[in-house]
2 protein chains.
Amino acid sequence: MLTKEELEEFSAEAHALYLDYISIDCVVFGFHEGQMKVLMLKSKNEAGWQLPGGFVQKVEPIDVAANRILATRTGIDDVFLQQFRVFGDPDRNRQHNEMYSDIIAKEKNFFAHRFISIGYYALVDFFNAIPTPDEFSEICTWRDLNDLPPFLLDHELIFTTALDTLRLQLSYQPIGYNLMPKEFTMPELQKLYETILGKKLDRRNFQRRMLGFGILNKLPQTRKGGAHKAPYLYSFDLENYQAALKEGLKSGW
Amino acid sequence: MLTKEELEEFSAEAHALYLDYISIDCVVFGFHEGQMKVLMLKSKNEAGWQLPGGFVQKVEPIDVAANRILATRTGIDDVFLQQFRVFGDPDRNRQHNEMYSDIIAKEKNFFAHRFISIGYYALVDFFNAIPTPDEFSEICTWRDLNDLPPFLLDHELIFTTALDTLRLQLSYQPIGYNLMPKEFTMPELQKLYETILGKKLDRRNFQRRMLGFGILNKLPQTRKGGAHKAPYLYSFDLENYQAALKEGLKSGW
DNA sequence: AACAATGGGTGTAATTGGTACACAATTGTA
DNA sequence: TACAATTGTGTACCAATTACACCCATTGTT
């Protein structure tokens with residue numbers, strides 16, 4: 001629980017720095033050991049977990065704000081970040097509006113009103129990110145998509161909306177550049193797709209289709225050390241990848 | 001040009017009623033005589049045109065706000081309305097921020113700061129809409145997509161983003177229910193698709209595909225009076241249409 | 001009344017793309 | 001060196017899309 005003083009100090013600062021009524025929440029996806037991960041924060045005061053979020057400075061583009069928030073939580077700058085929906089129910093953060101109502105005047109509490117939140121989702125390299133808690137959280141860490149803790153506020157809705165959007169995105173845009181290491185094998189990339197989509201794909205058809213997009217470079221090396229046939233390594237052809245991002249892929253999964 | 005008094009009165013009211021910093025802009029599409037139309041407003045003070053817009057009341061869900069704004073401009077309630085992007089550049093409405101700076105104090109002018117605008121697009125029945133100007137506009141009317149006037153602020157960006165989104169939407173969602181009259185012919189529906197996509201489609205393949213979606217009812221009547229063979233009339237099967245909206249269509253154009 | 005012109009309704013062959021497999025090749029281990 | 005597991009490549013089949021051809025209904029013209 002924050003003390004009255006801590007909250008007053010934060011509120012004064014926030015009022016000076018940020019736009020009222022507007023927040024940003026980020027759903028940050030990572031990929032590790034064949035599992036999809038989401039970055040989450042364990043609240044100091046409450047039982048539940050939240051998505052990383054923040055506010056928009058008075059003179060700051062919203063995309064820059066989202067980037068700044070993400071950089072503060074992960075140490076990574078300039079990642080793939082996508083606006084996907086605004087969450088604007090007047091009651092969506094009532095829980096937080098009222099939390100400190102008995103120890104501090106409403107006018108002095110930055111949180112004591114409605115926030116309209118702009119949802120972003122991000123795809124980041126698991127190994128580059130250094131999860132860093134904010135002042136209201138005791139833990140910031142990756143949570144497995146199959147083992148999510150209870151959410152605070154409407155963050156479960158924000159999360160599921162982001163996941164749905166990501167799955168749809170997969171149908172007509174290439175993904176993976178921000179989630180995979182520089183060099184990877186086809187089965188590894190397939191794992192990523194299967195994890196996001198939540199279903200198995202045919203190994204052979206996946207490979208043919210993926211190569212058909214023309215966004216991969218086949219490298220001469222293979223991934224040795226596995227207990228079986230060594231698969232070839234691939235990297236993304238960044239130029240074609242960017243082009244595919246703009247123009248879209250042919251069809252869906 | 002508004003007088004000082006008018007602006008002061010509006011500002012006082014607005015400050016009491018609406019959230020600061022947040023606005024809504026709507027791109028309203030209609031369809032008439034084989035042409036795609038957009039609802040636009042001619043400013044009283046300025047040379048350019050704007051999209052219909054408004055603000056969010058202090059306790060009002062944003063989707064309700066968008067609906068209210070649209071109802072005020074068209075008389076139509078409860079239309080197909082879709083959030084598509086937030087426009088959050090700090091300078092996007094500088095033009096309006098500074099407009100009255102010489103006649104009224106910044107603190108008293110509701111417009112004298114940044115607005116983050118939530119973009120919605122809407123598809124409405126051309127004949128049901130009664131374009132109604134707001135207090136800052138002298139004209140509210142449909143403009144042809146091929147003959148658009150100069151835009152104010154960043155409304156051209158908002159418009160083109162909406163159009164791009166609508167075109168993408170077309171690939172995996174049924175549209176038309178909100179744009180066509182109750183009964184229509186297949187060639188008429190095809191015109192709509194061709195207009196949105198900006199390209200010709202094959203008459204016969206269009207028909208087969210459209211029918212394949214199972215969202216149309218073939219009516220026994222034909223459209224008499226034309227100079228040629230009378231085409232059959234169709235109506236949308238609302239139940240299947242709604243289902244297709246949720247589940248999406250198979251693939252794109 | 002015959003006929004051309006125009007637009008609408010329906011069918012079909014060719015092509016493309018996706019799905020479901022089979023089989024050979026490679027690697028580490030027993 | 002045989003074996004299990006996994007990867008690389010090929011192919012037959014089915015479904016969807018595309019590109020057509022042909023016929024029908026209506027109107028205006030002669």
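The figures here come from the full heavy-atom set of this structure, side chains too, leaving out hydrogens, waters and symmetry mates. Protein chains get the first letters and strands the later ones, always in sequence-line order, with residue 1 at the start of each. Here the structure is a predicted model, which is why all the values come from computation and not from measurement.
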Worksheet item: Please give, in whole Å, the distance from dG11(C) P to Phe206(B) CZ?
Response: 19 Å
Pairs under 3.5 Å (N/O, protein and nucleotides 3-8 of chain C):
| unit_1 | atom_1 | unit_2 | atom_2 | d |
| --- | --- | --- | --- | --- |
| dT6(C) | O2 | His228(B) | ND1 | 2.8 |

Response to the item:
Rounded to whole Å, CG of Leu201(B) lies from P of dC20(D) at a distance of 16 Å
Worksheet entry | Test of ring centre spacing under 6.0 Å for Tyr177(B) and Phe80(B) | no
Worksheet item: Between dA25(D) atom P and Leu233(B) atom CG, what is the distance in whole Å?
Response: 17 Å
Worksheet item: Can we call the ring centroids of Tyr241(A) and Phe213(A) under 6.0 Å apart?
Response: no
Discussion item. I'd like to know whether CZ of Arg85(B) has more than 12 heavy-atom contacts from other residues, nucleotides or ligands below 6.0 angstrom.
Written reply: no
Worksheet item: Given atom CZ of Arg209(A) and atom C1' of dA20(C), what is their separation to the nearest angstrom?
Response: 15 Å
Response to the item:
With sequence neighbours left out, the residues meeting side chain to side chain donor-acceptor pair (under 3.5 Å) with Thr165(A) are none
Worksheet, complete the sentence: Result for 5'-nearest mapping on DNA chain D, choosing between Thr222(B) and Asp202(B), is Asp202(B)
Worksheet item: Partners of His32(A) by ring pair (Phe, Tyr, Trp, His ring centres under 6.0 Å), sequence neighbours excluded?
Response: Phe126(A), Phe127(A)
Worksheet item: Looking at residues at least two apart in the chain, or sitting in another chain, which of them share a ring pair (Phe, Tyr, Trp, His ring centres under 6.0 Å) with Phe159(A)?
Response: Phe151(A)
Discussion item. Which is more 5' along DNA chain D, the nucleotide nearest Lys224(B) or the one nearest Tyr234(A)? Just name the residue.
Written reply: Tyr234(A)
Worksheet item: Do Phe184(B) and Phe236(B) make the cut of ring centroids closer than 6.0 angstrom?
Response: yes
Would you tabulate the pairs of protein nitrogen or oxygen atoms and nucleotide nitrogen or oxygen atoms of nucleotides 10-13 of chain D closer than 3.5 angstrom?
| unit_1 | atom_1 | unit_2 | atom_2 | d |
| --- | --- | --- | --- | --- |
| dT11(D) | O4 | Arg208(A) | NH2 | 3.2 |

Worksheet item: Can you find a side chain N or O atom of Lys218(A) that sits less than 4.0 Å from OP1 or OP2 on dT9(D)?
Response: yes
Worksheet entry | side chain to side chain donor-acceptor pair (under 3.5 Å): pairs with one or both residues in residues 211-226 of chain B, sequence neighbours excluded | Glu188(B)-Arg223(B)
